[in-house]
Peer 1: 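Pasting a structure below so you can have a look.
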Amino acid sequence: MSAANGSYARVPGLVATTGDRGETTLVVDPARVAEACLHLRDVERFNMLVDVTATDYLGWGREGVAGYMGTADGRDINGVPGTWTSSQGHQLVPDPKPKRFAVSWHLLRVADDPARVRLQAWLDEGDDVVSVVGVWPSADWYEREVFDMFGIRFAGHPNLVRILMPDDWEGHPLRKDFPIGGEPVRFSGEA
Amino acid sequence: MSVLPATRLYEGTRIPSPCPTILVVDPAKHRLEDILTVNFGPNHPSTHGVLRLIVDLDGERVAGISAVIGYLHTGFEKTMEQKTWWKAITYPERIDYLSFQSNELVFVLAIEKLLALETPEKETWMRMCLAELNRIHSHLVWLGTSALEIGAISMFWYAFRERDMILDLFEMVTGVRMHTRYFQAGGLAEDIPEGFYAGARAAAKRMPHAVDEYESLLDRNKIWLERTKGIGPLSADDAIALGQTGPMLRASGVDWDLRKVSPYLAYDEVEFDVPTYTEGDVYARYKVHMDEMRQSARIVTQCVERLEELRGKAWIADDRKVVLPPREELHTSMESLIHHFKLVTEGYRVPEGEVYVAIESARGEQGCYVVSDGGTKPWRVHFRAPSFAALQATATCIQDTAIADMVAVAASLDPVMGDVDR
């Protein structure tokens, strides 16, 4: 399956295209996701939306996060940050991200010339993004899951309510600032 | 913010609008005062776990339906962010507890893709062999429980007889019957025991006969045929629009199998066919499952042949920055001891990046989206669960069926609730 099948230069709102490890990522302007999706479905023939997910990059590259052991300048062994080659893989500070949340739509072309592409939009906290249920019906539950887990709202979704967590749950568990063991414990510490 | 208008997709679609997963009672077709709303589940023996369906009935006909999920949500994705990469491998198996090795495999493949790790040939063939045995195992549980729900009780015993044979093989190789944690980044956890070759060969030889036996019980059973043929239809266009994969898609006439479309492991080196049926009903899904078990047995035979040639070869990559050193070296080599200590306490580091790896599990496209920040723990892990996608088709498939057939249709979607709720 060719990941870089065709050129996506004509995708509306395209900000950047990256090809990493054989996967193509199209970063688009979050305000023009609807146009980009319609273009990808109708012109590029991506007839299946296999997945919608998001990532919270709060605290990305900060010391002590997600097992990251270095400082903001990397591990300074020989005095020249960034040039020391590690014996344990990559230990430098990861590339900064433009905004807090990345929403990714994984698209698939189910046809004789199969292809995959990842559409990505960057959002700050409180930003909405358009719902694509009208483009691919499979977006319905995926968008509800992203809303449930990250609190990202999809404008125009016909039924944007929690899906995995209880209806009265507070907070969005997959955000990085959602504490582990964050459920209030009754009687603990009460006099 | 521009909002997309809720439009009908194309002529002839049965997908409800505006919300594709909720069928609302149509006042033009039903008298609203005749509608009886019934709660089905979440605790019901035929929900394959804890699925709740809210059904609006007009007599015996389903006029409206919506599925409620989340009862088995355990926060696997959040938990995995707290674990080092090698510890996190234990979790994916518990997500889909019937095709555990597929889940484990897709996560390990994602780690290896980020690490750009070369793995030995023996490991590739063993992974493939176990993945296919696991597919048979998953289909057998599906067949046994689905038939049980339509009243064919004896099928359950026959299917579980063969399932036990496969679980015995898993036990021989890994020490446990389910949730094996046998795949590692770089290879396998242990070498293949000598008894496995003959056992797997015998299982692969047994399976086609066993499937013939199941079919002889079901294919001419009038009750089975009447309860499956023409029930819960899904067209090819609707299946694609609803993100269906695996047996669901192939039963709707779409010839699509990731093992053929984008071969991973060594699927391009084995011979097998992709069964496709066009009816899109419960019966077609049943036939796809049956044919797939035969094809998987074919692949297992080819894998065992190849593995026998690879006896004595390495079963894990020789990369001391990722793979634990051999146990005996710890007594003689300081360097190995340091590696062992670092790998167990801190874990290995995985280069920064994001990948999406998809494999064909027993119930369709099992995807794994992983983000690494270069540290020893995953920044984000997300599983694209085929059961989650399959349940999105409930409203489309179940509309206008009788309440009794609803159970047959829900079972044919092959949902594993652990996979749906994660």
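Everything numeric in this text was worked out from a predicted model, so none of it was measured. Here is the naming used below: chain letters follow the sequence lines, and residue numbers restart at 1 for every chain.
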Peer 1: Identify which part of B/L249 has an atom lying under 4.5 Å from any heavy atom of chain A, answering side chain, backbone, both or neither.
Peer 2: side chain
Peer 1: Picking from B/V355, B/L242, B/D421, which has the most non-hydrogen pairs under 4.5 angstrom with chain A?
Peer 2: B/V355
Peer 1: Would you give the length of the straight line joining atom CE of A/M48 to atom CZ of A/R41, rounded to the nearest 0.5 angstrom?
Peer 2: 14.0 Å
Peer 1: If you count heavy-atom pairs under 4.5 Å with chain B, which of A/M149, A/M165, A/R118 comes out on top?
Peer 2: A/R118
Peer 1: What residues form a side-chain hydrogen bond (donor to acceptor under 3.5 Å, both in side chains) with B/S387, not counting sequence neighbours?
Peer 2: B/D419
Peer 1: Excluding sequence neighbours, so at least two apart, what forms side-chain hydrogen bond (donor to acceptor under 3.5 Å, both in side chains) with B/K83?
Peer 2: none
Peer 1: Against chain A, label B/Y369 side chain, backbone, both or neither, depending on which of its atoms sit under 4.5 Å from a heavy atom there.
Peer 2: side chain
Peer 1: Within this structure, what is the CG-CZ distance for the pair A/D56 and A/F150, rounded to the nearest 0.5 Å?
Peer 2: 6.5 Å
Peer 1: What's the spacing between B/S262 OG and B/D268 CG if we round to 0.5 Å?
Peer 2: 10.5 Å
Peer 1: What pairs with A/D148 under side-chain hydrogen bond (donor to acceptor under 3.5 Å, both in side chains), at least two apart in sequence or on another chain?
Peer 2: A/R162
Peer 1: Below 4.0 angstrom, N of the basic side chain to O of the carboxylate: do B/R363 and B/D96 qualify?
Peer 2: yes
Peer 1: Are any of the side-chain nitrogens in A/R175 or A/D177 under 4.0 Å away from the carboxylate oxygens of its partner?
Peer 2: no
Peer 1: For B/E354, is it the side chain, the backbone, both or neither that has a heavy atom under 4.5 Å from a heavy atom of chain A?
Peer 2: both
Peer 1: Between CZ of A/F178 and CD of A/E170, what distance do you get to the nearest 0.5 Å?
Peer 2: 9.5 Å
Peer 1: Does any heavy atom of chain A fall under 4.5 Å from the side chain of B/L114, the backbone, both, or neither of them?
Peer 2: both
Peer 1: Using a 6.0 Å distance limit plus a 45 degree cone around the ring axis, check whether A/K176 lies over the aromatic ring of A/W60.
Peer 2: no
Peer 1: With a 4.5 angstrom heavy-atom cut-off, which part of B/V254 approaches chain A: side chain, backbone, both or neither?
Peer 2: side chain
Peer 1: Under a 4.5 Å heavy-atom cut-off, does chain A meet the side chain of B/V371, its backbone, both or neither?
Peer 2: side chain
Peer 1: Please test A/W122 against A/Y57 for ring-ring contact (aromatic ring centres under 6.0 Å, His included), starting from the C-alpha separation and ending with a verdict.
Peer 2: CA-CA 10 Å; A/W122 290 86; A/Y57 286 98; 5.2 Å; yes
Peer 1: Taking A/V110, A/L49, A/N159 one by one, which has the highest count of heavy-atom pairs under 4.5 Å against chain B?
Peer 2: A/V110
Peer 1: Does any heavy atom of chain B fall under 4.5 Å from the side chain of A/R32, the backbone, both, or neither of them?
Peer 2: neither
Peer 1: With a 6.0 Å cut-off (strictly less than), is the heavy-atom count around CG of A/D124, excluding the residue itself, greater than 12?
Peer 2: yes
Peer 1: Non-hydrogen contacts under 4.5 angstrom with chain B: give the residues of residues 98-106 of chain A involved, or none if there are none.
Peer 2: A/S104, A/H106
Peer 1: Regarding A/D113 and A/R45, does a basic nitrogen lie under 4.0 Å from an acidic carboxylate oxygen?
Peer 2: yes
Peer 1: Check the pair B/V357, B/Y264 against side-chain contact (heavy atoms from CB on, under 4.5 Å), reporting the backbone distance first and the verdict last.
Peer 2: CA-CA 10 Å; B/V357 178; B/Y264 51 96; over 6 Å; no
Peer 1: Name the option with the most non-hydrogen atom pairs under 4.5 Å to chain A; the candidates are B/Q392, B/R422, B/H73.
Peer 2: B/Q392
Peer 1: Tell me, for B/A236 versus chain A, whether the close heavy atoms (under 4.5 Å) come from the side chain, the backbone, both or neither.
Peer 2: neither
Peer 1: Against chain A, label B/T245 side chain, backbone, both or neither, depending on which of its atoms sit under 4.5 Å from a heavy atom there.
Peer 2: side chain
Peer 1: Heavy-atom cut-off 4.5 Å, strictly under: side chain, backbone, both or neither for B/E365 against chain A?
Peer 2: side chain
Peer 1: Could you tell me which portion of A/F154 (side chain, backbone, both or neither) has an atom closer than 4.5 angstrom to a non-hydrogen atom of chain B?
Peer 2: neither
Peer 1: Side chain from CB out, backbone as N, CA, C, O: work out which of these in B/F388 comes under 4.5 Å of a heavy atom of chain A, or both, or neither.
Peer 2: both
